[in-house]
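Note sheet for the following structure.
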Number of protein chains: 2
Amino acid sequence: MRSEDIAKLAGVSRSTVSRVINNYSNVPEATRAKVLRVIEQYQYEPNSFARALAGKRTDTIGLFAISMNEKENASRIYQNSYFAPIVDLVIDTANARGFYVLIHTVYSPEDFQKIKQAFLQKRIDGGILVGTQKDIELVRELVGQEAPLVIVDYDIAEIMAERLNKNHLAVINSMDYEGTVEAIEYLIGLGHREIGIIKGRMNTFSGRERYMAYENTLKRHGLPLVEDFILEGDFLKETAYREAARLASAGKLPSALFSSNDDMAISAMEAFAEHGISVPDDISLIGFDDIQLSARVSPKLTSVKLPIDDMAKAAVEKVIGLCNAEAPAFSTESFPTRLVIRDSCKPARD
Amino acid sequence: MRSEDIAKLAGVSRSTVSRVINNYSNVPEATRAKVLRVIEQYQYEPNSFARALAGKRTDTIGLFAISMNEKENASRIYQNSYFAPIVDLVIDTANARGFYVLIHTVYSPEDFQKIKQAFLQKRIDGGILVGTQKDIELVRELVGQEAPLVIVDYDIAEIMAERLNKNHLAVINSMDYEGTVEAIEYLIGLGHREIGIIKGRMNTFSGRERYMAYENTLKRHGLPLVEDFILEGDFLKETAYREAARLASAGKLPSALFSSNDDMAISAMEAFAEHGISVPDDISLIGFDDIQLSARVSPKLTSVKLPIDDMAKAAVEKVIGLCNAEAPAFSTESFPTRLVIRDSCKPARD
DNA sequence: CTGAAAGCGCTTACAG
DNA sequence: CTGAAAGCGCTTACAG
């Protein structure tokens with residue numbers, strides 16, 4: 001069933017059918033009704049490819065989760081407590097706005113081609129990028145496509161420094177720095193003076209922000225930065241488990257530990273438990289992200305809540321906005337975090 | 001940049017460019033190389049809509065998660081421990097096979113139109129349906145599209161009874177019946193004689209299977225079906241929490257409880273805890289699905305592992321297979337479950 | 001208000 | 001082996 005068939009059945013031309021479908025104003029009610037009836041009756045749907053080819057939109061937005069440098073099978077998207085909710089929330093939001101979402105994960109540089117292709121092949125009206133690392137080259141390539149693009153968690157300074165036509169670009173961030181400051185000062189308020197950290201991946205914006213906030217806050221309060229208490233991490237469970245176990249075996253513990261995300265905090269908790277170290281009795285522990293699991297482990301994890309809902313929704317709205325805009329303009333939005341106090345921190349013993 | 005431009009630059013016709021792109025055999029190595037060089041140089045990608053319109057595939061499969069009759073905002077896909085991993089695994093698998101995945105959730109009958117449209121508009125080569133309820137009408141509509149379709153968790157008997165041309169259809173199931181029998185017999189083996197159940201949604205295939213297996217196994221072992229111990233459920237946390245709390249308040253407990261899924265089992269655990277009822281000391285509890293959370297709650301939940309990985313992968317492979325098949329044929333596959341014994345069950349006191 | 005026609009960017013018989 | 005041409009199913013100036 002093509003528009004031509006509908007036209008014949010309704011006794012009009014394809015042009016008119018098209019006008020009805022696209023809701024043009026210049027077709028009389030009677031004609032519109034006649035055509036609509038036939039469309040209804042035959043359950044006709046215009047071929048989306050033909051429409052797109054003839055210049056219409058695809059009503060599809062792309063969602064690309066970038067997670068290079070994770071080992072094969074190590075952390076597929078579905079076990080990733082950060083990506084998984086974003087993916088789901090983007091789907092929910094976009095669907096509610098009448099858009100399909102086309103998804104592709106990027107685990108390797110080759111996968112990255114797929115996302116470039118999605119733009120180049122005009123499969124999507126615009127795209128959302130999650131998990132981008134400090135890689136301005138990659139961003140430049142994508143921005144170069146001149147299609148609406150929203151990047152979640154990226155260093156705006158780096159983008160501003162570039163000579164890019166970024167009018168079809170938007171960046172969504174969370175206030176990781178402020179959130180971390182709040183977490184650290186909460187620990188300080190509890191009397192802790194030896195505060196360690198499990199670092200996130202330092203080539204992500206949030207990883208750097210969280211670390212810098214930690215370092216600066218300790219300094220500002222005149223507290224020592226103890227090298228042994230600064231654990232390397234990459235936001236992944238495995239590494240955190242290993243590092244926490246190492247710290248536990250070493251014998252000397254900080255009195256509190258800030259973990260750059262909850263996934264790592266929970267792994268650390270498990271490692272500590274296996275070494276007979278109790279949270280929060282022997283060590284206070286605080287995480288970041290407030291993933292669902294955090295409220296269900298025991299002790300329940302105190303964490304800085306990442307407004308992932310708002311961020312995902314904003315990303316979708318932004319990309320749709322850019323698609324519709326006559327004269328799109330660069331914009332950026334940063335969402336506040338919130339400290340969620342549960343049971344994993346205690347006042348310091350003196 | 002269009003194929004015509006490439007053709008000019010390479011000094012050949014569009015036909016030849018197309019042949020190179022589609023890897024036809026009848027073009028000499030020299031010509032191919034010449035064309036490829038230009039394509040490379042200009043980063044040319046054929047417009048996917050034009051290709052699709054001219055008869056090529058879309059390299060996209062649809063994934064549709066149906067979850068009608070859940071309240072607005074109640075159980076969005078990302079909090080659904082059953083859908084979330086399927087979505088993620090389907091994405092991972094399809095991407096690895098070079099396919100994009102187009103996703104749409106279905107929370108209302110109106111949303112359902114979107115999935116029909118995706119087929120009708122030829123946005124996808126084929127689709128995967130998850131969460132289909134006992135609704136042959138809906139299935140019939142979709143099967144009527146004559147596009148490759150894979151349904152996860154559906155009653156084959158119901159499909160067989162229909163006069164459908166189902167050659168482009170495949171059904172993926174898990175062995176819920178056998179899995180439940182194993183769970184119940186495990187409880188019986190521990191000496192339990194009063195075994196309750198929290199039912200799943202009875203209009204899903206797995207919901208019915210799990211219940212029937214429960215009922216039949218008790219009967220076969222000459223154990224009583226106690227009405228008070230048969231709790232209504234719908235696979236969702238909230239309902240299970242309420243029902244378990246009611247059971248707890250009622251005073252009289254079964255010695256063991258089978259929950260039709262883990263999500264509900266864990267909620268029941270929380271409800272029991274709040275009533276001072278200890279799992280497994282006061283009541284043994286066993287779940288189904290083996291979601292990630294089950295290994296992390298305390299006590300760790302004994303559960304029947306649903307081979308969700310295998311099912312999701314099989315669904316993708318099946319739909320791709322149907323897309324490629326010369327003469328597609330109906331097929332069905334049922335995956336075995338496995339009892340994962342953890343800490344939530346104890347021998348019955350006598 | 002409405003139709004004939006050109007065009008979107010490909011693929012694929014067809015003919016040579 | 002390769003090109004000219006038709007066709008995929010729409011939309012949209014253009015002309016009336």
Side-chain angles (χ1 to χ4, degrees), chain A residues 1-36 38-39 42-60 117-125 145-147 323, chain B residues 1-36 38-39 42-60 117-125 145-147 323:
Chain A
M1 180 101 333
R2 299 156 309 136
S3 73
E4 174 128 38
D5 302 320
I6 299 294
K8 249 176 221 144
L9 289 163
V12 298
S13 72
R14 277 147 76 212
S15 314
T16 299
V17 171
S18 182
R19 290 191 187 100
V20 169
I21 289 172
N22 291 297
N23 248 304
Y24 285 12
S25 54
N26 55 353
V27 23
E29 218 22 75
T31 313
R32 177 183 307 279
K34 189 170 58 179
V35 174
L36 281 178
V38 180
I39 288 179
Y42 290 86
Q43 295 218 57
Y44 166 73
E45 287 289 341
N47 180 305
S48 59
F49 292 101
R51 293 190 90 181
L53 189 55
K56 285 307 212 177
R57 324 184 3 174
T58 66
D59 292 329
T60 305
Q117 283 175 19
F119 281 101
L120 249 18
Q121 298 178 346
K122 305 269 189 290
R123 286 176 182 270
I124 52 180
D125 292 334
Q145 312 284 198
E146 312 243 307
C323 291
Chain B
M1 180 103 330
R2 299 156 308 138
S3 73
E4 173 127 39
D5 303 320
I6 299 294
K8 249 174 221 146
L9 288 163
V12 298
S13 71
R14 277 145 77 213
S15 314
T16 299
V17 171
S18 181
R19 291 192 184 99
V20 169
I21 289 173
N22 292 297
N23 247 305
Y24 285 12
S25 54
N26 56 353
V27 22
E29 218 22 74
T31 313
R32 175 183 308 277
K34 189 169 57 177
V35 173
L36 280 179
V38 181
I39 288 180
Y42 290 87
Q43 294 218 55
Y44 166 73
E45 287 288 342
N47 180 305
S48 59
F49 292 101
R51 294 190 89 180
L53 188 55
K56 285 306 212 175
R57 326 187 358 175
T58 66
D59 293 329
T60 304
Q117 282 175 19
F119 281 101
L120 249 17
Q121 298 179 345
K122 306 268 188 290
R123 286 175 182 271
I124 51 179
D125 292 335
Q145 312 284 195
E146 312 243 307
C323 291

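In this structure, B/R51 atom CZ and C/dT11 atom P are separated by 5 Å, rounded to whole Å. Protein atom CZ of A/R19 is 10 Å distant from nucleotide atom C1' of D/dT11, rounded to whole Å. If you measure from atom CE of A/M1 to atom C1' of D/dC10, you get 15 Å, rounded to the nearest angstrom. A straight line from CD1 of B/I6 to C1' of C/dC10 spans 13 Å, rounded to a whole angstrom. Between the P atom of D/dT11 and the CG atom of A/D59 lies a distance of 12 Å, rounded to the nearest Å. Rounded to whole Å, atom P of D/dT2 lies 12 Å from atom CD of B/E29. Between A/F49 atom CZ and D/dG9 atom P there is a gap of 13 Å when expressed in whole angstrom units. Between the C1' atom of C/dT11 and the CZ atom of B/R57 lies a distance of 15 Å, rounded to the nearest Å.
Salt bridge status for A/D5 with A/K8: absent, with no side-chain N to carboxylate O gap under 4.0 Å.
Ranking D/dG9, C/dG3, C/dA13 by closeness to the A/N47 side chain, first place goes to D/dG9. Proximity note for B/A54 (side chain, C-beta onward) versus D/dG3, C/dG9, C/dT2: the nearest is C/dG9. Of the listed nucleotides (C/dC10, C/dT12, C/dA4), C/dC10 has the atom at the smallest distance from the side chain of B/R14. Among the nucleotides D/dT11, D/dA4, C/dT11, the one closest to the side chain of A/N22 is D/dT11. Side-chain proximity of A/R2 to the nucleotides D/dG9, C/dT11, D/dT11 is greatest for D/dG9. The side chain of B/S3 has C/dC10 as its nearest neighbour among C/dC10, D/dT2, D/dC10. Here the side chain of B/S18 is nearest to one of C/dT11, D/dT2, D/dG9, namely C/dT11.
On the C1' atoms, D/dT12 is 16 Å away from D/dG16, given to the nearest whole Å.
Atom CD1 of A/I21 is separated from atom CD1 of A/I39 by 4.5 Å, given to the nearest 0.5 angstrom.
The base-pairing partner of D/dG16, taking Watson-Crick or G-U wobble contacts with both distances under 3.5 Å, is C/dC1.
Positionally, the nearest nucleotide of DNA chain D for B/N26 lies more toward the 5' end than for the other of B/L53 and B/N26.
In terms of phosphate contacts, B/T31 brings a side-chain nitrogen or oxygen within less than 4.0 Å of OP1 or OP2 of D/dT2. Residue A/T16 places no side-chain N or O under 4.0 Å from the OP1 or OP2 atom of C/dC1. Contact between the side-chain N/O atoms of A/S15 and the OP1/OP2 oxygens of D/dT11 is not found at any separation under 4.0 Å. Between A/Y44 and D/dC10, a side-chain N or O to OP1/OP2 separation shorter than 4.0 Å is present.
Between the side chain of A/D125 and the main chain of A/C323, no donor-acceptor pair closer than 3.5 Å is present. In this structure a side-chain-to-backbone donor-acceptor pair under 3.5 Å is missing from A/R123 to A/T60. A distance-only check finds no donor-acceptor pair linking the side chain of A/N22 to the backbone of A/Y24 [under 3.5 Å].
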Checklist entry - How far apart are the C-alpha atoms of B/N47 and B/R2, what are their side-chain angles, what is the distance that settles it, and do they pass the side-chain contact (heavy atoms from CB on, under 4.5 Å) test? => result CA-CA 8 Å; B/N47 180 305; B/R2 299 156 308 138; over 6 Å; no
